[in-house]
Amino acid sequence: LDDKPIAAADRLSRHIEREPLDALAVKLDHMLKFMSGNSAGMRSSMEAVIPAWEEATPDCGYILGCYGFSLEETGDYRNAEIKGRRGVTIAPDDAWGWHAVAHVMEMQGRASEGVVWLKAFDDRLSRLNNFAFHVFWHRALFHLELGQIDQALDLYDNGIRADRTDDFRDIANAASLLMRLEFEKVDVGNRWEELADMSVSHVDDHTLAFADAHYVMALANAERRRAVGDMMTAVSEAGKGDGHGPSMMRAFSGPLMAGIAAFASGDYAGSHEALSMVRARLAAIGGSHAQRDVFEQMLIEAALRSGNRAAAQGLLHERLGRRPTNNWARRRLAAIEGPMHRGEGVTASAIA
């Protein structure tokens with residue numbers, strides 16, 4: 001509550017070393033580290049407590065879901081999937097565990113499997129809070145990777161934005177998917193307008209750089225230039241304060257928001273320059289690899305659209321080195337270098 005989430009997580013970590021079966025404290029520590037971009041710390045905390053948990057211990061399935069997610073975010077996909085699947089076997093209602101396995105499938109390019117995996121959770125979605133919208137977002141990403149635009153749009157309208165809240169997580173889900181659709185040159189109609197109407201009331205929030213980035217994404221794409229300018233001015237002022245929030249504003253929000261706004265206005269060279277400034281350290285804004293990937297995609301798209309072929313090629317080859325089955329990158333590299341990089345069964349019409 002004193003705007004010191006990293007200190008709070010450190011204190012929780014010390015507590016759960018003494019009381020590893022305090023499930024609430026474990027979950028709070030997990031989420032604070034997640035939102036502050038500390039994936040290594042998230043994993044180390046889980047590995048410190050997990051030996052104390054047995055499958056018969058109440059809440060063990062939920063703890064395994066957290067452990068699986070921390071393994072995925074640190075790149076141990078095999079064990080992440082094992083722990084995540086075991087977790088949901090024990091606790092079938094644990095959306096976080098189902099979602100941890102979905103993250104593995106996202107990072108490994110297993111889109112068809114991902115659709116089937118998350119559909120199996122459908123009958124439990126009505127019992128969730130707004131995390132259900134995030135589950136729909138993951139499904140939409142899988143459909144988008146498969147080139148199934150209509151299914152992604154249907155999930156947007158009837159899942160992700162079925163309840164038009166202004167919670168920053170719900171705005172982030174929606175803006176992130178619309179941005180990805182824009183990269184594929186899909187006409188998203190007036191969907192940005194609704195998000196901008198929600199985002200404009202958050203111009204002065206500035207509690208999370210992750211949230212601000214998605215607010216400005218909605219505002220810029222709806223051409224709310226004045227609101228974008230007001231937000232960037234407010235972020236500049238907020239960055240002058242003390243605490244975790246202002247430090248994030250100073251380090252990341254300015255160039256990240258400038259890059260997003262420049263892309264929306266068609267200044268692709270400017271967008272590429274601004275996003276390049278923060279790319280290497282972007283994990284610090286929080287969120288998952290999958291959530292932050294929209295900024296990586298924007299950086300690549302900005303390089304492509306500005307005619308910076310060498311930069312685009314380098315970024316695409318780097319991406320495919322990490323994610324060799326990623327159809328999004330294959331399609332774009334195929335447009336530059338030829339059909340050998342094109343993923344099977346996926347059209348390249350989106351980048352025509």
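Remember, predicted model here, so these are calculated numbers, not experimental data. Residue numbers count from 1 along this sequence. When reading the values below, keep in mind they use all heavy atoms of this one structure, side chains included, and skip hydrogens, waters and symmetry mates.
Linking Ile, Leu, Val, Met, Phe, Trp and Tyr whenever their side-chain heavy atoms come within less than 4.5 Å leaves Ile16 and Leu32 in two separate clusters. With hydrophobic clusters built from ILVMFWY side chains whose heavy atoms lie under 4.5 angstrom apart, Val135 shares a cluster with Met31. Hydrophobic clustering (ILVMFWY, side-chain heavy atoms < 4.5 Å, transitive): Val115 and Leu181 are in one cluster. Hydrophobic clustering keeps Leu64 apart from Leu28 (ILVMFWY residues linked when any side-chain heavy atoms are closer than 4.5 Å, directly or through intermediates).
For the salt bridge (Lys or Arg N to Asp or Glu O under 4.0 Å) test, residues two or more places apart in sequence or in another chain that qualify with Asp167 are Arg169. With sequence neighbours excluded, the residues satisfying side-chain contact (heavy atoms from CB on, under 4.5 Å) with Asn221 are Met179, Trp192, Met217, Ala264. A search for side-chain contact (heavy atoms from CB on, under 4.5 Å) contacts involving Lys33 returns Ala9, Ser13, Asp29, Asn38, Met42, Ser45, not counting sequence neighbours. For Glu113, the salt bridge (Lys or Arg N to Asp or Glu O under 4.0 Å) criterion is met by Arg110, not counting sequence neighbours. When the salt bridge (Lys or Arg N to Asp or Glu O under 4.0 Å) test is applied to Asp163, no partner is found at least two apart in sequence or on another chain.
Side-chain atoms of Pro92 and Phe121, non-hydrogen and from C-beta on, never get closer than 4.5 Å to each other. The side-chain heavy atoms of Leu299 and Ser276, taken from C-beta on, include a pair separated by under 4.5 Å. Within the 4.5 Å cutoff, no side-chain heavy atoms of Lys83 are placed close to those of Asp76. Considering only heavy atoms from C-beta on, Val216 stays 4.5 Å or farther from Leu256 through its side chain. Tyr156 places none of its side-chain heavy atoms less than 4.5 Å from the side chain of Asn173. Contact annotation: the side chain of Ile63 never approaches that of Tyr67 to less than 4.5 Å [non-hydrogen atoms, C-beta and beyond]. At least one side-chain heavy atom of Ser176 sits under 4.5 Å from a side-chain heavy atom of His214. Within the 4.5 Å cutoff, the side chain of Asp293 has heavy atoms near those of the Arg319 side chain.
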Exercise. Determine, step by step, whether Val200 and Leu219 satisfy the side-chain contact (heavy atoms from CB on, under 4.5 Å) criterion, reporting the C-alpha distance in whole Å, the side-chain angles of both residues, the deciding distance to 0.1 Å, and the verdict.
Key: CA-CA 7 Å; Val200 75; Leu219 294 168; 4.1 Å; yes
Exercise. Could you please spell out the steps behind the ring pair (Phe, Tyr, Trp, His ring centres under 6.0 Å) verdict for Phe263 and Phe295?
Key: CA-CA 11 Å; Phe263 190 94; Phe295 307 120; over 10 Å; no
Quiz item: Passes salt bridge (Lys or Arg N to Asp or Glu O under 4.0 Å), Glu318 versus Arg323? Steps please.
Solution: CA-CA 9 Å; Glu318 181 183 337; Arg323 304 172 68 173; over 6 Å; no
Practice problem: Tell me, with the steps shown, if Trp96 and His30 meet side chain to side chain donor-acceptor pair (under 3.5 Å). | Solution: CA-CA 12 Å; Trp96 194 254; His30 180 75; 3.1 Å; yes
Exercise. Evaluate the criterion side chain to side chain donor-acceptor pair (under 3.5 Å) for residue pair His103 and His289; output intermediate values, then yes/no.
Key: CA-CA 9 Å; His103 269 269; His289 291 304; over 6 Å; no
Quiz item: Would Arg191 and Asp157 count as a salt bridge (Lys or Arg N to Asp or Glu O under 4.0 Å) if you check the C-alpha gap in whole Å, the side-chain angles of each, and the deciding distance to 0.1 Å?
Solution: CA-CA 9 Å; Arg191 292 177 177 88; Asp157 293 330; 2.8 Å; yes
Quiz prompt | side-chain contact (heavy atoms from CB on, under 4.5 Å) between Leu153 and Gln148, intermediate numbers included | solution = CA-CA 9 Å; Leu153 284 170; Gln148 298 168 350; over 6 Å; no
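Side-chain atoms of His143 and Gln151 include no donor-acceptor pair closer than 3.5 Å. For the 3.5 Å distance criterion, the side chains of Asp170 and Thr165 qualify, holding a donor opposite an acceptor. Of the N and O atoms on the side chains of Glu194 and Asn190, not one donor lies less than 3.5 Å from an acceptor on the other residue. Under 3.5 Å, the side chains of Glu72 and His99 contain no donor-acceptor pair of N or O atoms.
Atom CD in Glu55 sits 4.0 Å away from atom CD1 in Ile90 (nearest 0.5 Å). The structure places CD1 of Ile171 at 11.0 Å from CZ of Phe133, a figure rounded to the nearest 0.5 Å.
A side-chain donor-acceptor contact under 3.5 Å links Ser271 to the backbone of Gly259. Under a 3.5 Å cut-off, the side chain of Thr57 and the backbone N or O of Cys60 do not form any donor-acceptor pair. Between the side chain of Arg292 and the main chain of Gly287, a donor-acceptor pair closer than 3.5 Å is present. Here the side chain of Arg180 pairs no donor or acceptor atom with the backbone of Gln297 at under 3.5 angstrom. Formation of a donor-acceptor pair under 3.5 Å by the Trp53 side chain with backbone atoms of Pro20 is found in this model.
For the pair Arg332 and Trp328, the cation sits on the ring face: its NZ or CZ lies under 6.0 Å from the ring centre, inside 45° of the axis.
Within a 6.0 Å sphere centred on CZ of Arg225, heavy atoms belonging to other residues, nucleotides or ligands number 12 at most. Annotation for Arg11: atom CZ does not count as buried by contact number, only 12 or fewer foreign heavy atoms lying within 6.0 Å.
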Could you pull out every donor-acceptor pair under 3.5 Å between side chains of residues 228-237 and any protein atom, sequence neighbours left out?
residue: Thr233; atom: OG1; partner: Gly229; partner atom: O; Å: 3.0
residue: Glu237; atom: OE2; partner: Lys240; partner atom: NZ; Å: 3.0

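Ring planes of Phe168 and Phe210: perpendicular class, angle over 60° (limits at 30 and 60°). Classified by interplanar angle (parallel below 30°, tilted 30° to 60°, perpendicular above 60°), the ring pair His202/Tyr215 is parallel.
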